[in-house]
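Order of the sequence lines fixes the chain letters, A, B, ..., with proteins taken first and strands second; residue numbering starts at 1 for each chain.
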There are 4 protein chains.
Amino acid sequence: MKEKITEASISLFEQKGFSTTTIQDIADSIGATKGTFYYYFKSKEQLLKEIHLEYIIDLLKRQEAIVNDSTSNKEKLHAVIEMLISDIRKNGPRGRVFFREIRHLAEENIRIIKKERDRYRLNIESIIRSGIAAGEFKPNLRSDMVAFAVLGMANYSYNWFQPDGEVEPSELAAIYTSLVLGGIVKENGTPENH
Amino acid sequence: MKEKITEASISLFEQKGFSTTTIQDIADSIGATKGTFYYYFKSKEQLLKEIHLEYIIDLLKRQEAIVNDSTSNKEKLHAVIEMLISDIRKNGPRGRVFFREIRHLAEENIRIIKKERDRYRLNIESIIRSGIAAGEFKPNLRSDMVAFAVLGMANYSYNWFQPDGEVEPSELAAIYTSLVLGGIVKENGTPENH
Amino acid sequence: MKEKITEASISLFEQKGFSTTTIQDIADSIGATKGTFYYYFKSKEQLLKEIHLEYIIDLLKRQEAIVNDSTSNKEKLHAVIEMLISDIRKNGPRGRVFFREIRHLAEENIRIIKKERDRYRLNIESIIRSGIAAGEFKPNLRSDMVAFAVLGMANYSYNWFQPDGEVEPSELAAIYTSLVLGGIVKENGTPENH
Amino acid sequence: MKEKITEASISLFEQKGFSTTTIQDIADSIGATKGTFYYYFKSKEQLLKEIHLEYIIDLLKRQEAIVNDSTSNKEKLHAVIEMLISDIRKNGPRGRVFFREIRHLAEENIRIIKKERDRYRLNIESIIRSGIAAGEFKPNLRSDMVAFAVLGMANYSYNWFQPDGEVEPSELAAIYTSLVLGGIVKENGTPENH
DNA sequence: AATGAATGAGATTTCATTCAT
DNA sequence: GATGAATGAAATCTCATTCAT
């Protein structure tokens, strides 16, 4: 039941936004009563917090599994992008709620979540830095800004990408990886993208 | 006074979000009363609509000036990115409200704004397409996905970039343009980007 | 267990008041669940009723034992005051709940309790009346008002008297009896207060 | 209107108790809406606080006027008792709310009110002490306990005394003063009280 | 004897909006 | 132009109570 409430809430938060979704909406959407909601959650905010925590913790775990892999930094970057994008099919709504509604958490919970989110970003930055050190990437990159660029690109796809549309998630991941690695300029002798 | 209300509202919407900001908050923040607000605006939503319209119309106008320039597509892309990022200093808050709060407009207004926003995106897509046709960019690019990538990257900077920090807006624009044009991979014989 | 619930409830009702204390509070305070509460009590009000009844019935029984004693009316009055005050140590919380929360009983139960409470008061009044008739007390006293005065004095002590403080209950009872019997004015030839 | 709300609330709080009285009850009883209530009061508790403060501040002011009079301590005591009792006609309900509902204030407000209430009591104690020093009262009295006794007696009258009944307020005040000053015991040579 | 899940009714509070002045 | 009073609809949350197990 708690699961059911959470799923229904994610779906509603995604469609209408957190503050526009009422407890009544949530209760109605699963055929229960408001009382039931409060039996499982202390408050609306606590529900949001749980949604955020579950999301980022799972994402971090999977990301760190990739980072700890022994492949090249190019491959790591590809894998991280692919993970984010192919996650849209299963976790798109949860992701969108995560990106959009953090503001509605209490100060303290915002801090907790932001720390994890920063860790996620710093892991990407660290792939870039390792790649520079290993001679895989250009020497004078601002690894922090590149990390932000990758995140912006990938996160934004949650707002428009249709995983069941014409382009497959893995295709989009390939396109984005290629863009980040090799850019878009046509050059003589440019090797095929990966 | 209408101007004053708008500015105060943008600042509050940015900090607390549209639905969490009350008319009372707005009135308080300019030392007026709620009645005054309703003298200048029909409703809270109408204010939000005006904020959105002013923002996107201005942005579009400036973007289309760039697109109609006779420079190369590389340069157009650079100019578009630079415009977005250097706008953060002056219009950061307005931009953030634009990106985040569109959901709170009425259906019909959402449609109106989305049309303009799409036009903005399609203009970028069209730069990519022209560049491909002109042989400036790689031939097999998905211009739509590239446009989304550029937008994601640039828009996301509204969430973290400090225009008065260590990196100048034009620097960040250069870094991002370079990334999009030439990627991050170090290659023999790769010419310096721009 | 019923006993345990009652004791815990008295303590909570005393601290937080009847309507502010929840069944959950009661259950928590004895490490049980709300279901358990309802196994032993039909409702929150029934619990309050039992608390009231037990209290007043016991008090009445003890009071009437005193009244039926063959001692003087002065002594009876002293004994009644002493009983009330020395009861604070053991039954202070119950007494405070009794005095404060009667309003939350159902009409009918209020009537029942008030009848007993009145009987308690009328017994005091009757001591005064007997004392007047016996020439122990002043002839023109309003025995009803004197009874109210004694009750007010004694009951109020439930709100401030610390039985484990500097003054012993029997001392306070002596002070109050002396006050009621002989007043506070210094007079020539006034005998020492008992 | 604020006045109207306050009066209506006092009457309801007296009849049903603070926590059992709803904002809806209050609004209904003056033919207004809940919104109106919240236009004038921040919360239910703030209303209660204002009721408490107004009551005790007014009472203290009047009491201290009496205490600063140049009359004898006997007369002061009489005047204080008379003031309390004759106040029942006009302020009975407010007084009952004051005595019963303090618990529902927030910790901090309880502290504020209790300080004033204590001052009221200490003023009575101080009359007793002065009377002892002046040789008006018996030398070995516990002035603190006597003050509590007077307060208990007088306050309790708020619970039963009908100012429009057979006994006049000033009569009751005389009876109580006489009781406190001279007691109830019939003695040879005891002069008439007052 | 005890519990955990569920509920329904209602309580406090918030807030966009209206309107007479 | 501007305001203060008032409102009504709705939102979050509470809680006594029931009931199947």
Side-chain angles (χ1 to χ4, degrees), chain A residues 1-2 4-5 16 18-28 30-48 104, chain B residues 1-2 4-5 18-28 30-48 104, chain C residues 1-2 4-5 18-28 30-48 104, chain D residues 1-2 4-5 18-27 30-48 104:
Chain A
M1 171 63 60
K2 198 176 174 179
K4 223 168 132 192
I5 294 175
K16 322 180 36 172
F18 176 76
S19 39
T20 314
T21 300
T22 70
I23 308 293
Q24 192 62 258
D25 289 338
I26 296 170
D28 287 353
I30 57 166
T33 62
K34 281 180 287 183
T36 302
F37 176 91
Y38 282 97
Y39 182 75
Y40 290 101
F41 294 94
K42 218 169 87 308
S43 68
K44 199 180 167 190
E45 198 234 325
Q46 197 219 8
L47 161 63
L48 187 63
H104 296 105
Chain B
M1 170 66 59
K2 195 172 177 181
K4 221 167 136 194
I5 294 174
F18 175 76
S19 40
T20 314
T21 300
T22 69
I23 307 291
Q24 192 61 255
D25 289 338
I26 297 170
D28 286 352
I30 57 165
T33 63
K34 280 186 285 186
T36 303
F37 177 92
Y38 281 94
Y39 183 77
Y40 290 101
F41 294 93
K42 216 171 89 311
S43 69
K44 199 180 167 191
E45 199 237 328
Q46 196 218 7
L47 162 63
L48 187 63
H104 296 107
Chain C
M1 170 65 58
K2 196 172 176 181
K4 220 168 135 193
I5 294 175
F18 175 75
S19 42
T20 314
T21 299
T22 70
I23 307 290
Q24 192 61 256
D25 290 337
I26 297 170
D28 287 352
I30 57 165
T33 63
K34 281 186 284 187
T36 303
F37 176 92
Y38 281 94
Y39 182 77
Y40 290 102
F41 293 93
K42 214 171 90 308
S43 70
K44 199 182 168 189
E45 199 237 326
Q46 196 218 7
L47 161 62
L48 187 63
H104 295 107
Chain D
M1 171 63 58
K2 199 177 173 180
K4 221 168 134 192
I5 294 174
F18 176 76
S19 40
T20 315
T21 299
T22 71
I23 307 293
Q24 192 61 258
D25 290 337
I26 296 170
I30 57 165
T33 63
K34 281 180 287 186
T36 302
F37 176 92
Y38 281 96
Y39 182 74
Y40 290 100
F41 294 93
K42 219 172 86 305
S43 68
K44 199 181 167 189
E45 199 235 325
Q46 197 219 5
L47 162 62
L48 187 62
H104 296 106

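- Of the candidate nucleotides E:dT7, F:dC13, F:dT17, F:dC13 has the atom nearest to the side chain of A:Lys34.
- Between the CD atom of B:Gln46 and the C1' atom of E:dT17 there is a distance of 14 Å, rounded to whole Å.
- A pairwise comparison of heavy atoms in B:Ile23 and B:Lys44 identifies CD1-CG, 3.8 Å as the closest pair.
- If you check every strand for non-hydrogen atoms under 4.0 Å, A:Ser19 touches nothing.
- In the set F:dA5, E:dT13, E:dG8, the nucleotide with an atom closest to the side chain of A:Thr33 is E:dG8.
- For the pair D:Ile23 CD1 and F:dG8 P, the interatomic distance rounds to 17 Å; values are reported in whole Å.
- Each of D:Met1 and A:Asp25 was assigned the nucleotide of DNA chain F with the nearest heavy atom; the assignment lying further toward the 5' end belongs to D:Met1.
- Where B:Thr21 and D:Glu45 meet DNA chain E, the nucleotide closest to each residue was compared, and D:Glu45 sits on the side nearer the 5' end.
- D:Phe37 places its CZ atom 17 Å from the C1' atom of F:dG8, with the value rounded to the nearest Å.
- Among F:dA6, E:dT7, E:dC15, the nucleotide with an atom closest to any side-chain atom of D:Tyr39 is F:dA6.
- Put simply, C:Tyr38 has a side-chain N or O that comes within less than 4.0 Å of OP1 or OP2 on F:dT17.
- Heavy atoms only, all atoms of each residue included: B:Tyr40 and B:Met1 are closest at CE1-CG, 3.1 Å.
- Counting to the nearest Å, the C1' atom of E:dA1 and the NZ atom of C:Lys2 are 14 Å from each other.
- Between D:Gln24 atom CD and F:dG8 atom P there is a gap of 11 Å when expressed in whole angstrom units.
- Closest approach of C:Lys34 and C:Gln24 over heavy atoms only: CE-NE2, 3.2 Å.
- Ranking F:dC15, F:dA2, E:dT7 by closeness to the C:Thr22 side chain, first place goes to F:dC15.
- Here C:Thr20 lies out of heavy-atom contact (under 4.0 Å) with every strand.
- Looking only at distances, a side-chain donor or acceptor of B:Asp25 sits under 3.5 Å from a matching main-chain atom of B:Thr22.
- Whole-Å rounding puts the C:Lys4 NZ to E:dA1 P distance at 14 Å.
- Computed from coordinates, the C:Lys44 NZ to F:dT14 P distance equals 15 Å when rounded to whole Å.
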Legend entry - Watson-Crick and G-U pairing of DNA chain E, under 3.5 Å, as dot-bracket with | and [ ]: .||||||||||||||||||||
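- Distances were taken from every side-chain heavy atom of B:Thr36 (C-beta onward) to each of E:dT17, E:dG10, F:dA2; the shortest belongs to F:dA2.
- If you check every strand for non-hydrogen atoms under 4.0 Å, B:Tyr40 touches sugar and phosphate atoms only.
- Note that the NZ atom of A:Lys16 and the OG atom of B:Ser19 stand 11.5 Å from one another [nearest 0.5 Å].
- Note: D:Phe18 CZ to D:Leu47 CG = 7.0 Å, rounded to the nearest 0.5 Å.
- Remark: C:Thr36 pairs with C:Thr33 by the side-chain hydrogen bond (donor to acceptor under 3.5 Å, both in side chains) rule, at least two apart or across chains.
- For the pair A:Phe41 CZ and F:dT12 P, the computed distance is 15 Å after rounding to whole Å.
- How far CD1 of D:Ile5 is from OH of D:Tyr39: 11.0 Å, rounded to the nearest 0.5 Å.
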